[in-house]
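Please read all numbers here as calculations on a predicted model, not as lab measurements.
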Amino acid sequence: MLRPDFASYPKAHRTSFDTASAHLWETHEGIEIQSIYPASLQQETPDLSSIAGTPPFLRGPYASMYAVRPWTIRQYAGFSTAEESNRFYKKNLAAGQKGLSVAFDLATHRGYDSDHPLVIGDVGKAGVAIDTVEDMKLLFDGIPLDKISVSMTMNGAVLPILAFFIVAAEEMGYQVADLRGTIQNDILKEFIVRNTYIYPPQASMRIVGDVFTYLSAHLPKFNSISVSGYHMLEAGASADLEVAYTLSNGIEYIRTGIASGLAIDRFAPRISFFWGVGMDHFMEVAKLRVARKIWSELVAKFDPTNIKSQCLRAHCQTSGWSLTAQAPYNNVGRTCLEALSAVLGGTQSLHTNALDEALSLPSDFSAAIARDTQIFLQKETDLCQVIDPYGGSYYIETLTQQLYQRAMEWIDEIESSGGMTAAIEKGIPKRRIEQAAARRQAMIDQGQEKIVGVNVFASDASADFELLNIDNEAVIASQLQRIQSVKQNRDDQQVQQMLDEIKRAARSTSRDDNLLSRCADAARSRATLGEISMAMESVFSRFEAKISLISGVYARAMQDSEAFQQARQLSNQFATLDGRRPRIMIAKLGQDGHDRGARIIASSFADVGFDVDIGPLFQTPEEAATQAAENDVHILGISSMAGAHKTLVPKTMAALEEIGRSDIQLVVGGIIPDHDHTYLKEIGVLAIFGPGTSIPHAAITIINQLLKGK
């Protein structure tokens, strides 16, 4: 929050550091930070007798930590086709990477084959397209799956993806019991922030339990879930919320595993966690330490006999949200600092983001810098020599204690609501994260939180390096050809029998009807990902989230902002001239569920004085155009994050023209490379707002454009 200049404090305070008066600032978590931390300031004496490798694992999950083996360099990657991703993986493994982390495209996440009309702009754009077992075999061709661990970020379509992986490994000659890695399988956080779900919560939790059961029996070395806080941080959660909600999700999964008939020690040791790491260095270190302590204490209540059940093991990823499109070379420094935080916090594996990810998918050039950042930290520093080097620091230990207390308060709120599934149904975690995100955005827009190149030391210099460009049409053509080939060479009657078995198992309440087992059978018969997903959808239905907006949070934080007041005055001026307030609809097109930006824009524009409509997630251009026309908006704002703007924006314009509403003007937001701005403006886009745009200035720009016609 606001950080007063220390020089403004009375000299006596600056020399004596009186702890009662040396308060300088407050964190996003509401924790007061002092200028100095003597022993007397600690709320309680930390237990420095605890050691790494023993409960509550405050100082690390393993006794030797990096002194024996450094963290695993596990770069998250996947783009275009399976062949292209395979080439990238092999190149990284040859350059020192030790594990694979697979990013799937949005069509795959949402359970659609690449030939489905709803996903035409998403295929191969933000990850690799996987439609069949043959795609999975190409993805891992020539990669020793018995030696390399594979992490797969998949939740909604977890069953067909796991089934393809298992069958591909079998057919490539591996024993599935030897496979090592992690499947994310964290569906609860999808309902809170990321939104790449398919089925309703209860059906989705049944799937989680079936994955636990199957992997416990057949893939004992494979982690059955990676509980993710990363997407909460990216959506705007403060560290206390990220810890509380991630661990609350973990406890819900513990209960699900037990309800599936498993003893806690059969599956809890294979639960791993995935944290985001932002720019608040000391807070991020404290966050990882706190998470291990709380998890150990929470799991202990289930009476495990194996201490590994209480041990929180973590993968970390540096923040994508903290990267700036402005002065992008600065992102190398940001990523390095965040990586350092993860290491000092005790992560087990790490992904470092590339400098150009605020502009596009990472290029080979930028991905190599991101990977090498970790190699430098491992090989050129002494980070691997000491276990928990911050342990005993007055500041870190005090911060750890205070963060622990705040996180436990949020966990208690979730538990008193009936657990996380019930809390999600009540909208509690989503609302609290959105409030935190709106407050932080207001701080940035007012300049209270400094971001170099954005609201301080701003520069007009643009990126002078080549950005990765995915040829969406070429990827679709390749995928369609492969789907057709698979369908031509399979027994359709057998496929239908296997799909019917999936439907029967989905209706069954017997623990013996394991959905992953049925999906693996369907994969062996060469059913596609879309066919398997649709079979379950016919029983479970497809989930549609209710859209609601917070109000007033942004306005309260912006009361002293001149730009905000100017935007409000212009809004009132337009209402006087037009007879109604400026009306904008925010549309999230395609299959991208990351909606932090869209929801902040919607709530803050409402606070500015706009009438705001927000479309449901996953709209088509035609649906968005129809809703915009029915609501008679002045502006249709399209949110794009997956690089699909060159496909979706022209389609939206064509849809508006077809229904006679080409008078509705378009603005576009999201990650859009500079070289695409010219194209979008040439086809008639009114304005383009990229990451780091000040919301009041965006509102002022739009209203001034509207006033030109008055």
* To do: Would you please test T72 and L350 for side-chain contact (heavy atoms from CB on, under 4.5 Å) and show each step?
  => CA-CA 6 Å; T72 300; L350 179 61; over 6 Å; no
* Asked: Does some side-chain heavy atom of V227 sit less than 4.5 Å from a side-chain heavy atom of W275?
  -> no
* Verify the neighbour count for atom CD of E473: are there more than 12 heavy atoms of other residues, nucleotides or ligands below 6.0 Å? => no
* Asked: Atom CD in Q202, atom CZ in R206: separation rounded to 0.5 Å?
  -> 12.5 Å
* Asked: Are Q619 and Q627 close enough that a side-chain donor and a side-chain acceptor fall under 3.5 Å?
  -> yes
* Asked: Counting only heavy atoms not in E544, do more than 12 fall under 6.0 Å of its CD?
  -> no
* Pair R524 + D521, salt bridge at N-O below 4.0 Å -> yes
* To do: In plain terms, say whether E622 and K651 are close enough for a salt bridge, that is, a side-chain N and a carboxylate O under 4.0 Å apart.
  => no
* To do: State, with a plain yes or no, whether a side-chain heavy atom of S226 is found less than 4.5 Å away from one of F274.
  => yes
* Run the salt-bridge test on E234 and R194 with the 4.0 Å N-O cut-off and return the result as yes or no. => no
Please output the side-chain donor-acceptor pairs of residues 215-223 that fall under 3.5 Å, not counting sequence neighbours, one pair per line with the distance.
from, atom 1, to, atom 2, distance (Å)
S216, OG, R266, NE, 3.2
S216, OG, R266, NH2, 3.0
N223, OD1, R270, NE, 3.1
N223, OD1, R270, NH2, 2.8
N223, ND2, T182, OG1, 2.8

* Please determine, by modelled atom types, if E252 and T421 share a side-chain donor-acceptor pair under 3.5 angstrom. => yes
* Asked: Within a reach of under 6.0 Å around CD of Q175, are more than 12 heavy atoms found that belong to other residues, nucleotides or ligands?
  -> no
* Asked: Atom CE in M136, atom CG in L529: separation rounded to 0.5 Å?
  -> 8.5 Å
* Donor-acceptor side-chain pairing of T196 and E190 below 3.5 angstrom -> yes
* Does the side chain of T132 come under 3.5 Å of the side chain of E134 through a donor N or O and an acceptor N or O? -> no
* To do: May I ask you to test the L159-I502 pair for a side-chain heavy-atom distance under 4.5 Å?
  => no
* Ion pair present between D513 and R511, side-chain N to carboxylate O less than 4.0 angstrom? -> no
* Side chain proximity check, V193 to I433, heavy atoms < 4.5 angstrom -> yes
* Donor-acceptor pair, S538 side chain versus A535 backbone, under 3.5 Å? -> yes
* Which value, rounded to the nearest 0.5 Å, describes the distance between I254 atom CD1 and W295 atom CH2? -> 4.5 Å
* Asked: How many angstroms lie between OH in Y112 and CD1 in I120, if you round to the nearest 0.5 Å?
  -> 14.5 Å
* Just how far is it from atom CD1 of I638 to atom CE of M585, taken to the nearest 0.5 Å? -> 9.0 Å
* To do: For the residue pair D210 and Y214, establish whether any side-chain heavy-atom pair is separated by less than 4.5 Å.
  => no
* Any chance you could lay out the side-chain contact (heavy atoms from CB on, under 4.5 Å) test for I586 and D613, step after step, and finish with the verdict? => CA-CA 6 Å; I586 307 298; D613 302 295; over 6 Å; no
* **Q75 and S101 side chains, donor-acceptor separation under 3.5 Å** => no
* Determine, stepwise, if the pair E425 / K546 fulfils salt bridge (Lys or Arg N to Asp or Glu O under 4.0 Å). => CA-CA 10 Å; E425 291 172 349; K546 296 178 181 178; over 6 Å; no
* To do: State whether the side chain of S508 and the backbone N or O of R504 hold a donor-acceptor pair below 3.5 Å, judged by distance alone.
  => no
* Without swapping roles, check the side chain of K308 against the backbone of P269 for a donor-acceptor pair under 3.5 Å. => no
* Between D500 and Q496, is any side-chain donor less than 3.5 angstrom from a side-chain acceptor? -> yes
* **Minimum heavy-atom distance V495-A527, with the two atoms named** => CG1-CB, 4.0 Å
* Geometric class of the F618/Y197 ring pair [parallel <30°, tilted 30-60°, perpendicular >60°] -> perpendicular
* Could you tell me if the ring centre of F543 sits under 6.0 Å from that of Y199? => no
* Asked: Cut-off 3.5 Å, side chains only: do S639 and K588 have a donor facing an acceptor?
  -> yes
* Sub-4.5 Å side-chain heavy-atom contact between I424 and K430 -> no
For residues 140-153, tabulate all N or O donor-acceptor pairs below 3.5 Å that involve a side-chain atom, not counting sequence neighbours.
from, atom 1, to, atom 2, distance (Å)
S149, OG, R74, NH1, 3.1
S149, OG, R74, NH2, 2.8

* With side chains defined as the heavy atoms from C-beta onward, is the minimum distance between H231 and E242 less than 4.5 Å? -> no
* Counting distance only, does the side-chain N/O of S510 pair as donor-acceptor with the main-chain N or O of D512 below 3.5 Å? -> yes
* Asked: With distance as the sole test, does K90 use its side chain to make a donor-acceptor pair with the main-chain N or O of R87 at under 3.5 Å?
  -> no
* Short side-chain to backbone donor-acceptor contact, D595 and A598, under 3.5 Å -> no
* Say whether, by atom type as modelled, one donor and one acceptor occur between the side chain of N185 and the main chain of S224 under 3.5 angstrom. => yes
* Given side chains that start at C-beta, do those of Q591 and H109 come closer than 4.5 Å, heavy atoms only? -> no
* To do: State the SG-CD distance between C519 and E531, to the nearest 0.5 angstrom.
  => 12.0 Å
* Whether N489 side chain and S485 backbone form a donor-acceptor pair below 3.5 Å -> yes
* salt bridge (Lys or Arg N to Asp or Glu O under 4.0 Å) between D492 and R490, intermediate numbers included -> CA-CA 6 Å; D492 287 341; R490 70 184 189 180; 3.0 Å; yes
* Before giving the answer on salt bridge (Lys or Arg N to Asp or Glu O under 4.0 Å), spell out for E537 and R110 the whole-Å C-alpha distance, their side-chain angles and the decisive distance to 0.1 Å. => CA-CA 11 Å; E537 183 180 335; R110 294 274 291 150; over 6 Å; no
* Give a yes or no answer on whether the side chain of R313 reaches the backbone of I271 with a donor-acceptor pair at less than 3.5 Å. => yes
* Check the side chains of S309 and D265 for a donor-acceptor pair under 3.5 angstrom, ignoring hydrogens and angles. => yes
* Is the backbone N or O of S517 less than 3.5 Å from a side-chain atom of N514, with the two atoms forming a donor-acceptor pair by type? -> yes
* Intermediate values then yes/no, side-chain contact (heavy atoms from CB on, under 4.5 Å), V102 and V128 -> CA-CA 8 Å; V102 182; V128 60; 4.0 Å; yes
* Asked: Taking atom types as modelled, is there a side-chain donor on D131 or T528 under 3.5 Å from an acceptor on the other?
  -> no
